[in-house]
K.L.:
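Following this message is one structure expressed as structure tokens.
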Amino acid sequence: MKNILFLMSFLGALFFGSSAAIAGGTLNPPKIITGVDFQTNGLLLYADGWPNPNGCTTTAAVMLLKTDPNYDKAFALLLTAYASGKKVSGYSDGCAAHDANTYNTIRGHKYLLVR
């Protein structure tokens, strides 16, 4: 009986502890990219007041991570959006560190929208 209670407590803590780490949410309303900054671990996309679904330390930019499955395609799409003044929205499911700040990530493989 003790083992079952321990296992249930452990699984409950694991579930509730991990659900906060998997927060995430949409980056809406769509934003016009005002600047880009290419970094070693990805591309920073600056706009006025990105949403902060993950509680990162800054909303000045979001980061497309170099490890994203569609990084090359999303990189090209986002640079085109920047050059043409189109609005961008997407989905974020984490924070990425850069220069003593953390930035919401933007997925290049799902939910990325340019209008």
Side-chain angles (χ1 to χ4, degrees):
M1 184 69 174
K2 278 181 148 179
N3 289 340
I4 291 173
L5 289 174
F6 174 76
L7 180 62
M8 289 175 61
S9 297
F10 176 75
L11 291 175
L14 182 65
F15 174 76
F16 289 112
S18 66
S19 64
I22 309 176
T26 59
L27 296 171
N28 279 322
K31 299 288 181 182
I32 294 176
I33 300 170
T34 58
V36 294
D37 188 5
F38 182 71
Q39 297 297 324
T40 304
N41 56 336
L43 179 71
L44 283 168
L45 306 161
Y46 292 90
D48 293 328
W50 284 104
N52 195 3
N54 301 297
C56 303
T57 59
T58 185
T59 59
V62 296
M63 183 178 278
L64 173 65
L65 294 173
K66 189 175 181 179
T67 56
D68 190 282
N70 282 333
Y71 178 75
D72 55 342
K73 295 171 190 78
F75 183 95
L77 178 65
L78 292 166
L79 284 182
T80 302
Y82 169 60
S84 61
K86 296 291 184 180
K87 291 184 178 182
V88 173
S89 65
Y91 187 83
S92 179
D93 58 2
C95 295
H98 175 68
D99 283 347
N101 283 309
T102 58
Y103 298 85
N104 286 281
T105 58
I106 188 168
R107 285 186 180 181
H109 64 284
K110 203 170 187 182
Y111 310 117
L112 184 59
L113 181 64
V114 174
R115 292 187 180 187

K.L.:
Any side-chain heavy atom of T26 sitting closer than 4.5 Å to one from P53?
P.N.:
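Counting from C-beta outward, T26 and P53 never come under 4.5 Å.
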K.L.:
Are N104 and I106 packed together at the side-chain level, in the sense that at least one heavy-atom pair is separated by less than 4.5 angstrom?
P.N.:
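No. Closest side-chain heavy atoms not under 4.5 Å.
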K.L.:
Linking I/L/V/M/F/W/Y whenever their side-chain heavy atoms sit closer than 4.5 Å, directly or via other members, would Y91 and V114 fall into one cluster?
P.N.:
no
K.L.:
Picking from L78, N52, L45, what satisfies side chain to side chain contact (heavy atoms under 4.5 Å, CB included) with V62?
P.N.:
L45
K.L.:
Quick one: pull up NE2 in H98 and OG1 in T40 and give me the separation to the nearest 0.5 Å.
P.N.:
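It is 8.5 Å, given to the nearest 0.5 Å.
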K.L.:
Grab the two heavy atoms, one from R107 and one from D93, that are nearest each other, plus how far apart they are.
P.N.:
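Distance-wise, the nearest heavy atoms are NH2-OD2, 2.8 Å.
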K.L.:
To the nearest 0.5 Å, how far apart are CG in N101 and OG1 in T57?
P.N.:
4.0 Å
K.L.:
When you compare the side chain of V88 with that of L77, does any pair of heavy atoms fall below 4.5 Å?
P.N.:
no
K.L.:
Might you point out which heavy atoms bring G108 and A74 nearest each other, and give the distance in Å?
P.N.:
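Result for this residue pair: CA-CB, 3.6 Å.
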K.L.:
Roughly how far, to the nearest 0.5 Å, is the CZ atom of R115 from the CD1 atom of I32?
P.N.:
13.5 Å
K.L.:
If only side-chain N and O atoms count, and only distance matters, is there a donor-acceptor pair under 3.5 Å linking S92 with N54?
P.N.:
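The answer is yes; a qualifying pair exists.
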K.L.:
So, taking the atom named OG1 in T105 and the one named CG in L65, what distance separates them when rounded to the nearest 0.5 Å?
P.N.:
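With rounding to 0.5 Å, OG1 (T105) is 5.5 Å from CG (L65).
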K.L.:
Could you measure the distance from the CE atom of M63 to the CG atom of L44? Nearest 0.5 Å is fine.
P.N.:
3.5 Å
K.L.:
Can you check whether Y46's main-chain N or O pairs, donor with acceptor, with T34's side chain at less than 3.5 Å?
P.N.:
yes
K.L.:
Treating T102 as the side-chain partner and C56 as the backbone partner, does any N or O pair qualify as donor plus acceptor under 3.5 Å?
P.N.:
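No: the side chain of T102 does not pair with the backbone of C56.
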K.L.:
Is it the case that the side chain of W50 and the backbone of K31 share a donor-acceptor pair, with hydrogens and angles ignored and the cut-off at 3.5 Å?
P.N.:
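No, W50 side chain to K31 backbone: no donor-acceptor pair under 3.5 Å.
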K.L.:
Side chains of F38 and F75: closer than 4.5 Å at any heavy-atom pair?
P.N.:
yes
K.L.:
Distance check, rounded to the nearest 0.5 Å: L112 atom CG versus L27 atom CG?
P.N.:
9.5 Å
